[in-house]
Amino acid sequence: MSEKYDFRKIYSQFAIEGEFEDCVRYGEGHINDTFKLTVGGAKVRHYILQRINNRLFTDVGRLMRNIELVTDFCRRSVEKNGGDPLRDCLNIVRTKEGKSFYFDGENYFRVYVFIEDATTYQIVRDPRDFYESAVAFGNFANLLADFDASLLYEVLPDFHNTKVRYANFIKAVEADVCGRRAEVQKEIDWVVAHRDLCGNIVDKIADGRIPLRVTHNDTKLNNVMIDNKTGKGIAVIDLDTVMPGSLCYDFGDSIRFGCNSAAEDEPDLSKVEFRFDLYETYLRGYLSAVGKSITDEERKNLPMGAVLMTYECGMRFLTDYLEGDVYFRTHRPGQNLDRAHTQFKLVDGMLAVYDKMLAAALEK
Ligand code: ADP
Ligand code: GN1
Ligand code: MG
């Protein structure tokens, strides 16, 4: 795959000092094509080079404007608080013409400063990492509370509108473009049986009970860098979906990904359990960082955010399976179906202990 881009040419468009050494595929994101770029010279430096998924992000200019605004805002706050702006937030490297991305006539590329000596985890190995990720996402939510939402372009409208996601799912079932419907009838029935979940947060946002805020919208553990030495959560990354949303969604998406005892795409479901202990860990970290800005209604709906994000994500994986694996990157056949299965098992696990989840969220 990586050979199809002329990395030397792409690199030469950016204001980077030093000689091109190499550029290799990197990370486990499902959306963009990510590469680690190494530049030699007096000092070896690394960068993240990404081909932006412009099938999904159709207005790259406005997407990148959002990211410029958010990263500038974040950098000013880090500087004010005496942090390290090169590690505590994402930094865009501009092209020689001063632009935030390069278009080669077909593909869009952007470059970020590589955050060294930090790791993004695909699964929780140590609860302390998960706690620190919660603090980092909680701080990020706090930071964005002062960000003027009207400046932002709504990159993917209805991104976490579970009712709209459900309608799209039903369309995919009916269209059955790949002839996979019969094979997954059991899974389809499960989603339909749980459809009453869909309105739970969307309706409260619509009638004003839950506030819309500027949120990250993709708060999984591999979108926060954990410092290898201090173990602290440093930069929150993957800012493509920063737009109006709910705190309950941001909280919930972290729970969806991190409180799984196995990987998101684990084929052996006997390994997949909802880890209530990790839920409590994340809750503690998140509440300690978001502080007083959280409303009572939001707090009451944190567990529902977790259920909904997991239900929605499972439904999105199953939709993609039905549509022929065109949205999420897959590395093997059936991967999206495996991902859907883990999410559905997690929803069952959460609903089984929902009262406990709620009691923990309300505990002062
Ligand atoms: P996607 O939208 O495809 O998820 P991400 O922006 O999350 O893409 O990047 C994919 C992965 O690349 C991340 O999970 C992380 O491991 C790595 N990564 C992204 N940005 C940086 C950075 N600035 N420094 C170091 N690693 C990064
Ligand atoms: C995608 O980009 P990445 O891999 O961090 C997706 C999220 C899903 C997630 C599931 C823009 O996130 O919404 O929850 O996969 N991002 C987009 O792992 O659709
Ligand atoms: Mg990502």
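Throughout, numbering of the chain's residues begins at 1 and tracks the sequence.
- Considering Lys292, Arg213, Arg209 as possible partners of Glu298, the one that fulfils the salt bridge (Lys or Arg N to Asp or Glu O under 4.0 Å) test is Arg213.
- Clustering ILVMFWY residues whenever any of their side-chain heavy atoms sit less than 4.5 angstrom apart, transitively, puts Leu239 in the very cluster that holds Leu151.
- Judged purely by distance below 3.5 Å, without hydrogens or angles, the side chains of Thr119 and Asn228 pair a donor atom with an acceptor atom.
- Taking the six-membered ring for Trp and thresholds of 30 and 60 degrees, Tyr282 and Phe130 have ring planes inclined between 30 and 60 degrees apart.
- When hydrophobic side chains of Ile, Leu, Val, Met, Phe, Trp and Tyr are connected at separations under 4.5 Å, Tyr131 ends up clustered with Val135.
- Side-chain atoms of Thr342 and Glu264 include no donor-acceptor pair closer than 3.5 Å.
- Crowding of Lys96 atom NZ: a count of heavy atoms from other residues, nucleotides or ligands under 6.0 Å exceeding 12.
- Counted within 6.0 Å of CG on Asp296, heavy atoms from surrounding residues, nucleotides or ligands total 12 or fewer; the atom is thus considered open.
- Under the 4.5 Å side-chain contact rule for hydrophobic residues, Met315 and Val202 share a cluster.
- Asn107 and Tyr102 are not linked by any side-chain donor-acceptor pair at a separation below 3.5 angstrom, with hydrogens and angles left out of the test.
- Side chains of Asn32 and Thr34: no donor on one and acceptor on the other come within 3.5 Å.
- Under the 3.5 Å distance criterion, with hydrogens and angles disregarded, no donor-acceptor pair is assigned to the side chains of Arg65 and Tyr153.
- A donor-acceptor contact under 3.5 angstrom links the side chains of Tyr321 and Glu183, judged on distance only.
- Ring pair Tyr311/His194 is tilted by interplanar angle, where 30° to 60° counts as tilted.
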query: Would Thr241 and Leu156 count as a side chain to side chain contact (heavy atoms under 4.5 Å, CB included) if you check the C-alpha gap in whole Å, the side-chain angles of each, and the deciding distance to 0.1 Å?
result: CA-CA 7 Å; Thr241 51; Leu156 300 169; 4.0 Å; yes
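- Side chain to side chain, Asn168 and Arg165 fail the donor-acceptor criterion of an N or O pair below 3.5 Å.
- Using modelled atom types, one finds a donor on one side chain and an acceptor on the other under 3.5 Å when comparing Asn91 with Arg75.
- Side-chain N/O atoms of Thr38 and Asp22 include a donor and acceptor closer than 3.5 Å.
- In this structure, His160 and Tyr249 have tilted ring planes: the angle between them lies in the 30° to 60° band.
- In summary, the side chains of Gln343 and Thr310 do not present any donor paired with an acceptor at a separation below 3.5 Å, with no hydrogens or angles considered.
- Of the candidates Phe109, Tyr47, Phe35, Phe7 forms a ring pair (Phe, Tyr, Trp, His ring centres under 6.0 Å) with just one, namely Phe35.
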